[in-house]
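Let me begin by presenting the structure, written as structure tokens, before commenting on it.
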Amino acid sequence: MIKFLLKGILGDKNRSLLPIIIISIGVMLTIFLSGYMRGAMGDMIEQNARFQTGHVKVMSRVYAENESQMPNDLALLGVSEIQSQLEEDFPDVEWVDRIRFGGLLDVPDANGETKGQGPSAGMALELFSKNTGEVQRLNMEQSIVRGEIPSKKGEALIGEDFATKLDISIGDRITFMGTTMNGSMTFADFVVSGTIRFGSAALDRGILIIDISDARYMLDMEDAAGEIIGFLGEGLYVDEKATEIAQEFNEKYAGINDEFAPLMLRLRDQNNLDSYLEYVDGFASMFVTIFVLVMSIVLWNTGLLGGLRRYQEFGIRLALGEEKGHIYRSLIYEAILIGIIGSIVGTTLGLLGTWYMQVVGIDITGMMQNSTMLMPNVLRSKFTPELLYIGFIPGLVAMVLGNMLSGIGIYKRETATLFKELEV
């Protein structure tokens, strides 16, 4: 039966070519846009996790309320004890201390006079400890433009764009001016060991990276940190796992009435990422649903036109004694075969487009010049295993639904009038 129907589909291109083209285009767009959405949105989430939110983050309660201001006067104290407890309770999570700070960067000339100044957003990491994996996690070695990563105290990395703006060269001495944890003024000199470009305008504009030991000395934050960031062992954000960890941790401190008590937040609890993640999931489902409905309507009309063209064929089959149900089922079987062929063609084309966008991407650097949103300058698609089958959902459902609707007319044919219709 299937072999017979397949020969009819391949032999009569007038009844199969248009539906296959429609399904191929619809499936191709479904695959391509799904891959693009997952790639672009996934890169944005991953970049937020690596640079700001982690998969989970521990802060003081009052720090969390004012996090955007980087209030180091509200930072966690006794972080070594807190981190030891975290490592004991959650051994599958990698924990690192970080301090974020802001201030003014002064660049002196050969005579010690100021030749340039600019606001700087600083980030203190555990650069000298290989066990933390911070250098690899932030992809710093590949992001270095000039020079090298700091290897000793008193060295710093700055953004390449920032260095170009202030005319800073490797080996130049720069001065950071800011406030300590206790509110007093602080001045610290650093030697520029290298420049870096992460590919995000929000980061590259005024980034200053130093080791956390230098930051603690400069900001009077001995055994203190603004944030303790955790990364799940799988390397990917799993909301169920993060939720379980955050709930277990927060329950321990639920009875403590202290605004400086530790609080753990998930990735989606920060930077408005909760609504963002829900939007991505909802959009992907809505996207597939819309394509199914639109293609079903188009294929319904195509089926009606095909039904008119095959009106005499159906009449002859009914006159020869073939049951209406059998004809209707054969139409459905044809629809399934056409849907499979179109879905295979569309999936192949969609995967090729996804691969191209994954390699090349879309450069949006010009649109991100003044952006404060942490997202990559190049948007790329991402291949995932579900792209291999997700296109078959709209491809098969739309074709079968369209033929089911258009084939209802078979049951309206009256056997008594068939010979009169055939004589005509």
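Quantities reported herein were computed from a predicted structural model and do not represent experimental measurements. Atoms considered below: every heavy atom in the structure, side chains included; atoms not considered: hydrogens, waters and symmetry mates. When a residue number appears, it is its place in the shown sequence, counting from 1.
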Tell me, which pairs form a side-chain hydrogen bond (donor to acceptor under 3.5 Å, both in side chains) where one or both residues lie in residues 386-395, sequence neighbours left out?
-> R38-E386
Residues I170, T195; criterion side-chain contact (heavy atoms from CB on, under 4.5 Å); working and verdict = CA-CA 8 Å; I170 305 302; T195 62; 4.3 Å; yes
Has the side chain of Q83 got a donor or acceptor atom that lies under 3.5 Å from a matching backbone atom of W95?
-> yes
Distance col, row D211:CG vs I99:CD1, nearest 0.5 angstrom, shows 10.0 Å
Start with the C-alpha gap between E67 and Q270, add the side-chain angles, then the distance that decides, and say whether side-chain contact (heavy atoms from CB on, under 4.5 Å) holds.
-> CA-CA 10 Å; E67 184 182 1; Q270 307 170 61; 4.0 Å; yes
Heavy atoms of I31 and G350 approach each other most closely as CG2-C, 3.6 Å
Evaluate the criterion side-chain contact (heavy atoms from CB on, under 4.5 Å) for residue pair L351 and L387; output intermediate values, then yes/no.
-> CA-CA 8 Å; L351 290 176; L387 295 183; 4.0 Å; yes
Sequence neighbours left out, what passes side-chain hydrogen bond (donor to acceptor under 3.5 Å, both in side chains) with R197? Give chain and number order.
-> D161
Does the S60 side chain pair with the main chain of Y63, one donor and one acceptor, at a distance under 3.5 Å?
-> yes
Counting heavy atoms not belonging to E81, are there more than 12 under 6.0 Å from its CD?
-> no
Rounding to 0.5 Å, atoms CZ (R266) and CD (E244) come to a distance of 12.5 Å
Of all heavy-atom pairs between A225 and R216, which one has the smallest distance, and what is that distance?
-> CB-NH2, 4.0 Å
Got a sec, which residues hit side-chain hydrogen bond (donor to acceptor under 3.5 Å, both in side chains) with T384, two or more places apart in sequence or on another chain?
-> none
Sub-4.5 Å side-chain heavy-atom contact between L208 and I174 | yes
Begin with the C-alpha distance, continue with both residues' side-chain angles, and end with the deciding distance and a verdict on side-chain contact (heavy atoms from CB on, under 4.5 Å) for L86 and V93.
-> CA-CA 9 Å; L86 286 168; V93 181; over 6 Å; no
Considering non-hydrogen atoms only, spot the tightest contact between R137 and R50 and give its length.
-> O-CD, 3.1 Å
Name each donor-acceptor pair under 3.5 Å that joins a side chain in residues 143-150 to protein atoms two or more places apart or in another chain, with its distance.
unit_1, atom_1, unit_2, atom_2, d
S143, OG, N139, O, 2.7
R146, NE, E160, OE1, 3.2
R146, NH2, E160, OE1, 3.4

Could you pull out all residues at least two apart from A64 that satisfy side-chain contact (heavy atoms from CB on, under 4.5 Å)?
-> M59, L263, L265
With sequence neighbours excluded, what pairs up with Y253 under the side-chain contact (heavy atoms from CB on, under 4.5 Å) test?
-> R61, F249, I256, P262
To the nearest 0.5 Å, tell me how far L349 CG sits from I344 CD1.
-> 12.0 Å
Kindly give the heavy-atom pair with the smallest separation between I340 and F392, and that separation in Å.
-> O-CE2, 4.1 Å
For the residue pair I210 and M218, establish whether any side-chain heavy-atom pair is separated by less than 4.5 Å.
-> yes
Just by distance, do the side chain of E141 and the backbone of V135 share a donor-acceptor pair under 3.5 Å?
-> no
Excluding sequence neighbours, so at least two apart, what forms side-chain hydrogen bond (donor to acceptor under 3.5 Å, both in side chains) with Q358?
-> none
NZ/K241 to CG/D239 distance, rounded to the nearest 0.5 angstrom?
-> 13.0 Å
Residues in side-chain hydrogen bond (donor to acceptor under 3.5 Å, both in side chains) contact with E155, at least two apart in sequence or another chain | none
For residues 246-259, which residue pairs qualify under salt bridge (charged side-chain N to carboxylate O under 4.0 Å, His left out), counting only residues two or more places apart or in two chains?
-> D89-K252
Looking only at atom types and distance, does a side-chain atom of D214 sit under 3.5 Å from a main-chain N or O of K153, one as donor and one as acceptor?
-> no
Reported CE-to-CD1 distance for the pair M140 and I209, which is rounded to 0.5 angstrom = 4.5 Å
Which pair of heavy atoms, one from F162 and one from S120, lies closest together, and at what distance?
-> CE2-CB, 4.1 Å
For I332, enumerate each residue passing the side-chain contact (heavy atoms from CB on, under 4.5 Å) test, keeping only those at least two apart in sequence or located in another chain.
-> Y328, I336, V400, M404
Pair listing, side-chain hydrogen bond (donor to acceptor under 3.5 Å, both in side chains) test, anchored in residues 342-352, at least two apart | none
Those residues that, when tested against D223, pass side-chain contact (heavy atoms from CB on, under 4.5 Å) (two or more places apart) | V79, S80
Locate the shortest heavy-atom distance separating G226 from N72; write the atom from each residue and the value.
-> CA-OD1, 4.4 Å
What distance separates L105 CG from I168 CD1, expressed to the nearest 0.5 Å?
-> 5.5 Å
Does the side chain of V62 reach to within under 4.5 Å of the side chain of F260, using non-hydrogen atoms?
-> yes
When I212 is tested against each of D97, L125, L127 for side-chain contact (heavy atoms from CB on, under 4.5 Å), which residue passes?
-> D97
Mind checking whether F101 and F176 have parallel, tilted or perpendicular rings, split at 30° and 60°?
-> perpendicular
